[in-house]
Each structure stands twice: as structure tokens, then as C-alpha cells.
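Read the structure below first, then the notes.
All values below come from the heavy atoms of this structure, side chains included, with hydrogens, waters and symmetry mates left out.
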Amino acid sequence: MRNGLVMQWAAVVGVVLVVVGLLGFINNPIVGKADGALVSTNEVHNIVHLITGLLALYIAFGLKGAQQASGLVAFGALYAVIFIAVVISPDLFGLFGGYTSGVNEHIIHAAVAVISLGIGWMSRGSTAYA
């Protein structure tokens, strides 16, 4: 049996991250290298969005039951680590090549971490192994 809320959240986050990752390679005012972009990213940051988006989609559609809930907890933990890392080093220790994470990114990373951890943790006991 699949946990509907876990699947829905992971699917939405996965799709958004993949779209944001792809959009980051195109000059636009939302995400990427454009001056004044809402979220400043470079190629490495875009690839991180693509990889974590695909991971979230795998959690949504590739896992079932307790594995799906545990996968979402692990995903939330990963985003907590990402949040802490970019707070400590806004250019992720030089990987972002001059592009630094700002308040918008911190809020997004923290929200994804907290919501994923919360939904995954609460769903762990209500999912069956399938």
C-alpha cells in the first residue's frame, strides 16, 4: 500500500526541482544566472536540483510502504544537510563558482527539509510493507 501524502509531496517536490534545475540553464528572471534572478544558480547548482528532483520522484513512484516513508525522511535529512551547508558556506565551499545562496534559498531548503522530515516521520507507522 502506498502512502498518499508521502507520494504526493515527493512527486510535487520532485517535479518542481527538475523544472527548476532545467530552467536554471535558460536565462530567465526566476532561477539561474540572470541579474536579479529570484534564485541565483550556476550549472552545479542546477545539476544538484536535477539529481535531488529525480531522487524525490524515485521516492514518490519507485518505493512503496514503509520504504517510501523512510525514503522521504532520508530526503528531508539530505535537505537539512544542504541547508546547513549553504548557511555555513553560501557558495557551497566554492562549488557554486561565485554564486551565493541567499535568504530565498535558505527558506526553500529549510522548508523542504522540515516538511519532508515531518511527512515522512508521521507516515512511517501508517505504511505497510508492500
Apply side chain to side chain contact (heavy atoms under 4.5 Å, CB included) to V20 and V39, showing your working. CA-CA 10 Å; V20 166; V39 177; 6.0 Å; no
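Counting only residues at least two apart or in different chains, side-chain hydrogen bond (donor to acceptor under 3.5 Å, both in side chains) contacts with residues 18-29 are absent. Sorted by first and then second residue, the pairs that involve residues 30-39 and meet salt bridge (Lys or Arg N to Asp or Glu O under 4.0 Å), not counting sequence neighbours, are K33-E43. Applying the salt bridge (Lys or Arg N to Asp or Glu O under 4.0 Å) test to residues at least two apart or on different chains, none of the pairs has a partner in residues 77-105. Within the structure, the ring pair (Phe, Tyr, Trp, His ring centres under 6.0 Å) test picks out the following pairs touching residues 26-53 (sequence neighbours left out): H45-H49, H45-F96.
The shortest non-hydrogen separation linking H106 to V86 is CE1-O, 3.4 Å. In plain terms, the two heavy atoms of F25 and G21 that are nearest each other are CD1-O, 3.2 Å. Between A10 and A60 the shortest heavy-atom distance is CB-CB, 3.7 Å. Listed here is the closest heavy atom pair of G32 and A37: O-CB, 3.9 Å.
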Do any side-chain atoms of residues 72-80 form donor-acceptor pairs under 3.5 angstrom with protein atoms, and if so which ones, sequence neighbours left out?
from: Y79; atom 1: OH; to: T52; atom 2: OG1; distance (Å): 2.9

In a table with atom names and distances, give each donor-acceptor pair under 3.5 Å that connects a side chain of residues 113-122 to protein atoms at least two apart or in another chain.
from: S116; atom 1: OG; to: W9; atom 2: NE1; distance (Å): 2.8
from: S116; atom 1: OG; to: V112; atom 2: O; distance (Å): 2.7

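Scanning for side chain to side chain contact (heavy atoms under 4.5 Å, CB included) contacts around V15 gives V19, L57, with sequence neighbours left out. Under the side-chain hydrogen bond (donor to acceptor under 3.5 Å, both in side chains) criterion, S101 pairs with no residue at all, not counting sequence neighbours. Checked against side chain to side chain contact (heavy atoms under 4.5 Å, CB included), I51 has the following partners two or more places apart in sequence or in another chain: I47. Shown here are the side-chain hydrogen bond (donor to acceptor under 3.5 Å, both in side chains) partners of N104, two or more places apart in sequence or in another chain: there are none. Under the rule for a side-chain hydrogen bond (donor to acceptor under 3.5 Å, both in side chains), N42 has no partner lying at least two apart in sequence or in another chain.
Other cluster members for V103: I107, joined by side-chain heavy-atom distances under 4.5 Å among Ile, Leu, Val, Met, Phe, Trp and Tyr.
Remark: N46 CG to T41 OG1 distance equals 3.5 Å, nearest 0.5 Å.
Placement of F93 and F83 within a single hydrophobic cluster is found when ILVMFWY residues are connected by side-chain heavy-atom separations under 4.5 Å, directly or transitively. I26 is not connected to L22 by any chain of hydrophobic side-chain contacts under 4.5 Å among Ile, Leu, Val, Met, Phe, Trp and Tyr, and they are in different clusters.
Residues L38 and V31 form no side-chain contact, since every pair of their non-hydrogen atoms from C-beta on lies 4.5 Å or further apart.
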